[in-house]
Q: 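Would you mind keeping the following structure in view while I ask a few things?
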Amino acid sequence: QVQLVESGGGLVQAGGSLRLSCAASGGTFSSYAMGWFRQAPGKEREFVAAISWGGRNTNYGDSVKGRFIISRDNAKNTVYLQMNSLKPEDTAVYYCAAQIGWAPTTAEYPWWGQGTQVTVSP
């Protein structure tokens with residue numbers, strides 16, 4: 001069973017930056033595509049970013065293009081989300097997810113973390 005644990009969330013002011021991490025265990029991390037999703041209270045889960053197993057392919061949601069960067073370090077079994085120029089509307093619980101294959105925007109990733117809260121103040 002793949003276990004995913006997010007960290008790095010917190011409270012930041014608008015315009016600031018934050019880096020989220022997702023540590024994986026219990027599987028072959030380098031074989032998985034990894035994604036980030038977010039969900040604000042009362043809102044549907046939203047796709048944020050994804051990266052293929054080798055890191056050569058990435059995909060971003062329209063709302064974060066040009067501001068967020070996804071990366072991975074397979075030696076550390078960790079995927080990162082660098083968030084820059086944060087806006088209050090970025091406030092949400094951020095989840096990482098893993099899948100075998102490459103269907104980056106789907107919500108049907110079989111493995112999910114518990115999430116980390118990101119709050120952006122005006």
Side-chain angles (χ1 to χ4, degrees):
Q1 183 179 12
V2 176
Q3 306 287 333
L4 304 174
V5 180
E6 302 94 336
S7 62
L11 175 65
V12 298
Q13 290 187 336
S17 297
L18 203 61
R19 190 191 196 195
L20 305 183
S21 299
C22 175
S25 62
T28 305
F29 178 78
S30 61
S31 297
Y32 305 144
M34 301 295 298
W36 287 97
F37 293 76
R38 66 188 184 186
Q39 189 165 26
K43 303 292 185 180
E44 294 293 318
R45 186 175 296 167
E46 178 187 16
F47 171 74
V48 175
I51 187 166
S52 61
W53 69 267
R56 291 182 290 183
N57 296 310
T58 58
N59 199 12
Y60 295 91
D62 289 340
S63 63
V64 305
K65 287 180 180 177
R67 298 189 298 123
F68 292 9
I69 301 172
I70 188 171
S71 62
R72 67 190 298 161
D73 186 340
N74 288 346
K76 297 182 178 180
N77 292 343
T78 302
V79 64
Y80 305 96
L81 184 68
Q82 178 67 46
M83 304 185 295
N84 301 312
S85 301
L86 284 163
K87 306 173 181 179
E89 51 262 46
D90 294 319
T91 296
V93 177
Y94 283 70
Y95 300 89
C96 69
Q99 66 172 260
I100 300 173
W102 183 237
T105 65
T106 182
E108 296 183 12
Y109 284 67
W111 301 290
W112 294 82
Q114 291 297 114
T116 185
Q117 177 71 47
V118 172
T119 302
V120 184
S121 62

Q: Give every residue pair that meets the ring pair (Phe, Tyr, Trp, His ring centres under 6.0 Å) criterion with at least one member in residues 44-97, sequence neighbours excluded.
A: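 Non-adjacent pairs meeting ring pair (Phe, Tyr, Trp, His ring centres under 6.0 Å): Phe37-Phe47.
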Q: Lys65: what forms a side chain to side chain donor-acceptor pair (under 3.5 Å) with it, not counting sequence neighbours?
A: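 In terms of side chain to side chain donor-acceptor pair (under 3.5 Å), with neighbours along the sequence ignored, Lys65 is linked to Asp62.
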Q: Going by side chain to side chain donor-acceptor pair (under 3.5 Å), name the residues that satisfy it together with Arg72, two or more places apart in sequence or in a different chain.
A: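 With sequence neighbours excluded, Arg72 shows a side chain to side chain donor-acceptor pair (under 3.5 Å) to Asn74, given in chain and number order.
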Q: Return a table of donor-acceptor pairs under 3.5 angstrom between the side chains of residues 17-35 and protein atoms on other chains or two or more places apart.
A:
unit_1	atom_1	unit_2	atom_2	d
Ser17	OG	Asn84	OD1	3.0
Tyr32	OH	Thr28	N	3.3

Q: Evaluate side chain to side chain contact (heavy atoms under 4.5 Å, CB included) for Val118 paired with Thr91, printing each intermediate quantity in order.
A: CA-CA 5 Å; Val118 172; Thr91 296; 5.9 Å; no
Q: Kindly determine whether Leu81 and Val48 satisfy side chain to side chain contact (heavy atoms under 4.5 Å, CB included), including the steps that lead there.
A: CA-CA 9 Å; Leu81 184 68; Val48 175; 4.0 Å; yes
Q: Taking the side chain as every heavy atom from C-beta outward, state whether Met83 and Asp90 have any pair of such atoms under 4.5 Å apart.
A: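 No - every pair of side-chain heavy atoms lies 4.5 Å or more apart.
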Q: For residues Ser71 and Gln82, determine if any side-chain heavy atom of one lies less than 4.5 Å from a side-chain heavy atom of the other.
A: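 Not in contact.
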Q: Of all heavy-atom pairs between Thr105 and Asn59, which one has the smallest distance, and what is that distance?
A: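 Scanning both residues, the minimum pair turns out to be CG2-ND2, 3.3 Å.
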Q: Please give me the minimum heavy-atom distance between Thr78 and Lys76, naming the atom from each residue.
A: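 Smallest heavy-atom distance, with atoms named: OG1-O, 2.8 Å.
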Q: Could you tabulate the donor-acceptor pairs under 3.5 Å formed by side-chain atoms of residues 4-14, not counting sequence neighbours?
A:
unit_1	atom_1	unit_2	atom_2	d
Glu6	OE1	Gln114	N	3.0
Glu6	OE1	Gly115	N	2.8
Glu6	OE2	Cys96	N	2.8
Glu6	OE2	Gly115	N	3.2

Q: Please collect all side chain to side chain donor-acceptor pair (under 3.5 Å) contacts where either partner lies in residues 40-49, sequence neighbours excluded, each pair once.
A: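 Qualifying pairs: Arg38-Glu46, Glu46-Ser63.
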Q: Looking only at heavy atoms, which two atoms of Tyr109 and Pro104 are closest? And how far apart?
A: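 For Tyr109 versus Pro104, the nearest heavy atoms are OH-O, 2.6 Å.
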Q: Looking only at non-hydrogen atoms, find the nearest pair between Ala92 and Gln117 and report the distance.
A: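 That closest heavy-atom pairing would be O-NE2, 3.4 Å.
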Q: Write down the atom of Pro88, the atom of Pro122, and the distance for their closest heavy-atom approach.
A: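 For Pro88 versus Pro122, the nearest heavy atoms are CG-CA, 4.2 Å.
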Q: Out of curiosity, does Val79 fall in the hydrophobic cluster containing Ile100 (side-chain heavy atoms, cut-off under 4.5 Å, transitive links)?
A: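 Yes, same cluster.
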Q: Do Val93 and Trp111 sit in the same hydrophobic cluster, where Ile, Leu, Val, Met, Phe, Trp and Tyr count as joined when their side-chain heavy atoms come under 4.5 Å apart?
A: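 Each belongs to a different hydrophobic cluster.
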